[in-house]
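Read through the structure below, which is laid out as structure tokens, and then see the notes.
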Amino acid sequence: MNTSEKQNTIFPQGEKASPDYFTGLVMFKSLVPNDATLNCQVGNVVFEPGGRNNWHTHSGGQILLVTDGIGYYQEKGNPIQVLHKGDVVVIAPNIVHWHGASHDSEFTHIAINPNTQNGIVNWLERVTDEEYNSIQK
Ligand code: MN
């Protein structure tokens, strides 16, 4: 682990995310619960190095605000993109993708899930080590 990238998290780390949908240690803290007025859910997610979510889609789309560390983002059929603090990722509805930490650094993002009346997340298969390791170094 690259200690120079040690997290200085703004929001509480929350609880361990379900191993059914995440690989490695991932912590989730709900910041804004979903409700029928705003139809928008916001959460803080902290990934340990190597931690990532399964392939998935969001029926209402998603916005990621990277607040710390170095992470990866991949849409199905495209190369892995490297994310750094300050990056913003806008994910269109129903795009198959995953996000998580890089190999050597923790990673924190705020996940904004709008249009929750259309659904929040549809979980798919796990991101294999082969897929995760496909990052061009
Ligand atoms: Mn997502």
Side-chain angles (χ1 to χ4, degrees):
M1 172 176 184
N2 181 351
T3 53
S4 68
E5 294 294 341
K6 186 65 185 170
Q7 303 284 284
N8 183 15
T9 304
I10 298 168
F11 298 104
Q13 290 215 337
E15 306 297 326
K16 188 178 187 306
S18 170
D20 291 345
Y21 307 122
F22 293 84
T23 298
L25 180 59
V26 181
M27 304 295 286
F28 173 80
K29 173 67 177 177
S30 176
L31 301 178
V32 181
N34 184 37
D35 70 51
T37 303
L38 293 182
N39 293 302
C40 184
Q41 180 198 58
V42 181
N44 191 59
V45 190
V46 180
F47 303 81
E48 289 295 308
R52 70 266 192 181
N53 47 32
N54 287 11
W55 291 101
H56 62 280
T57 65
H58 306 281
S59 299
Q62 185 177 54
I63 299 165
L64 304 178
L65 308 178
V66 179
T67 57
D68 213 347
I70 301 172
Y72 299 154
Y73 170 73
Q74 185 177 28
E75 297 183 353
K76 200 82 169 182
N78 292 331
I80 293 173
Q81 299 175 46
V82 179
L83 300 177
H84 299 90
K85 181 177 180 174
D87 284 343
V88 176
V89 181
V90 178
I91 304 162
N94 304 315
I95 294 291
V96 177
H97 70 281
W98 64 270
H99 26 113
S102 58
H103 285 76
D104 302 317
S105 174
E106 291 182 307
F107 177 61
T108 303
H109 67 50
I110 294 170
I112 301 172
N113 297 311
N115 306 306
T116 55
Q117 70 276 18
N118 297 335
I120 297 177
V121 61
N122 311 296
W123 291 114
L124 302 169
E125 65 273 19
R126 196 168 288 280
V127 173
T128 65
D129 287 343
E130 183 179 14
E131 289 170 323
Y132 182 79
N133 292 330
S134 72
I135 178 76
Q136 302 295 316
K137 294 198 173 183

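Numbers for residues simply follow the sequence, beginning at 1. When a ligand or atom number is given, it counts from 1 through the structure's own listing order. Only heavy atoms go into these numbers, but all of them, side chains included; no hydrogens, no water, no symmetry mates.
- Side-chain contact between Cys40 and Ile112 is present, with heavy atoms from C-beta onward closer than 4.5 Å.
- In summary, the side chains of His103 and Asn133 do present a donor paired with an acceptor at a separation below 3.5 Å, with no hydrogens or angles considered.
- Under the 6.0 Å distance and 45° angle rule, Arg52 counts as a cation-pi partner of Tyr132.
- Lys85 meets the salt bridge (charged side-chain N to carboxylate O under 4.0 Å, His left out) test with no other residue; sequence neighbours excluded.
- For the pair Val82/Ser102, no side-chain contact is recorded, criterion being any heavy-atom separation below 4.5 Å from C-beta on.
- Looking at Trp55 and Glu131, their side chains do bring a donor and an acceptor atom within 3.5 Å of each other.
- The set of protein atoms (N, O or S) found at less than 2.8 Å from the Mn ion (ligand 1) reads His56 NE2, His58 NE2, Gln62 OE1, His97 NE2, His99 NE2, by chain and number.
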